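In this chain, numbering begins with 1 at the start of the sequence shown. All ligand and atom numbering here is 1-based and tracks the order in the structure. Treat the numbers as computed from the prediction; the structure is a model and nothing was measured.
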Amino acid sequence: MMHNFNAGPSILPREVLQQAAAAVLNFNNTGLSILEFGHRTQEFTAVMEEARQLVKELMQLDADHEVLFLHGGASTQFMQVPMNLLDAKECMAIADTGVWSSKAIKEAKLFGKVDIVCSSKEKNYTYIPKDFAIPNDAKYFHITTNNTIYGTQWQQIPQCSSSLVADMSSDILSRQMDFNRFDLIYAGAQKNMGPAGVNLVVVNKNILGKVKRAIPTIMDYRNHIAEKSMLNTPPVFAVYVSMLTLRWLKAQGGIKAIEKINNAKAALLYQAIDESSLFTGTVAKEDRSKMNVCFVMGNENIEKEFIQYTRALGIAGIKGHRSVGGFRASLYNALPISSVEVLTRAMRDFENGQRA
Ligand SMILES: *Cc1c(COP(=O)(O)O)cnc(C)c1O
């Protein structure tokens, strides 16, 4: 039994993996593999429709919000969003909360003006900025709701009159929110929603078609909406496994139910960190992420020893990102609370000297 704390690609529910494995050999009793199946068939069209419908239902989206499954990962959205929303003379506002927002800034500058309204860079992104103003003429305001590398998360979505755009790659479907407040949400599937290779985009169709530039066909959200996310061959297998994961989430009781469990998992691990004299949390307490928990020991040799010790217990993926060091335990939807219990017990046992 492994305990998978990987940051991404990351843990998927066991039953989803079993269903996906079965469909690789025989998809829907067709006698063919999902990997060798036409995307224009009735069977696969039904998969795409169910996936889009499940997102609408789980996120309680209104009729203006369209759901797309696109190629290219979240990194493609760093450029596709401004290409579709920002004219050359217009300005977008953005909160710089880490590497991913920095990349969104770099790409947006190719299309229009960028106003970085706040940044936590000077403290290696260990907190979420609170004191900032969004200019009235900003076309939209972009935030990264959860900062995967540093372990910070916006607990409150900032009040603002401008249009809201969010990179939700690492906390999508993990907590309740008024998703209709956002005009555009994007998320690479591989953290909390499915395997790598597909990108979820939720977009309010009323904001599209306002820029003057010509948009390449495959980059224009309107074309994907018109074709029900089947403009070209979609990443069939990644969409299929995402659909299975969405079904699984619905069966768990949806976002409300999973949020409760996510809260309990994070509370358990942060408690262990706060009670320890060996481990220290790296971010401001009020901004702690419930998805990616970062902590250090301050001594690389003992850190290595701890990784070694936990490996023998089946704990995988807790090594921190190189820019933070130490440890990062990702507690995505599919991770059971029992895995967090194994980790916290290992932390206590290690601290008490019961090393392997
Ligand atoms: C992982 C991640 C990305 C990059 O996703 P890709 O699919 O690799 O392009 C972007 N933003 C956030 C918040 C992430 O966690």
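- Near ligand 1, residues Gly73, Ala74, Ser75, Phe78, Trp100, Thr144, Asn146, Thr148, Asp167, Ser169, Ser170, Gln190, Lys191 come within 4.0 angstrom through at least one heavy atom.
- Using a cut-off of 4.0 Å between Lys/Arg side-chain N and Asp/Glu carboxylate O, Arg348 and Glu351 are scored as not salt-bridged.
- Here Tyr125 pairs with Tyr150 under the ring pair (Phe, Tyr, Trp, His ring centres under 6.0 Å) rule; sequence neighbours left out.
- Relative to the six-membered ring of Trp154, Lys130 misses at least one condition, a distance below 6.0 Å or an angle of at most 45° to the axis.
- Ring to ring, Phe132 and Phe141 are close: their centroids are under 6.0 angstrom apart.
- Pairs engaging residues 106-127 under the salt bridge (Lys or Arg N to Asp or Glu O under 4.0 Å) rule: none recorded [sequence neighbours left out].
- Applying the ring pair (Phe, Tyr, Trp, His ring centres under 6.0 Å) test to Phe27 and every residue at least two apart in sequence or in another chain returns Phe37, Tyr240.
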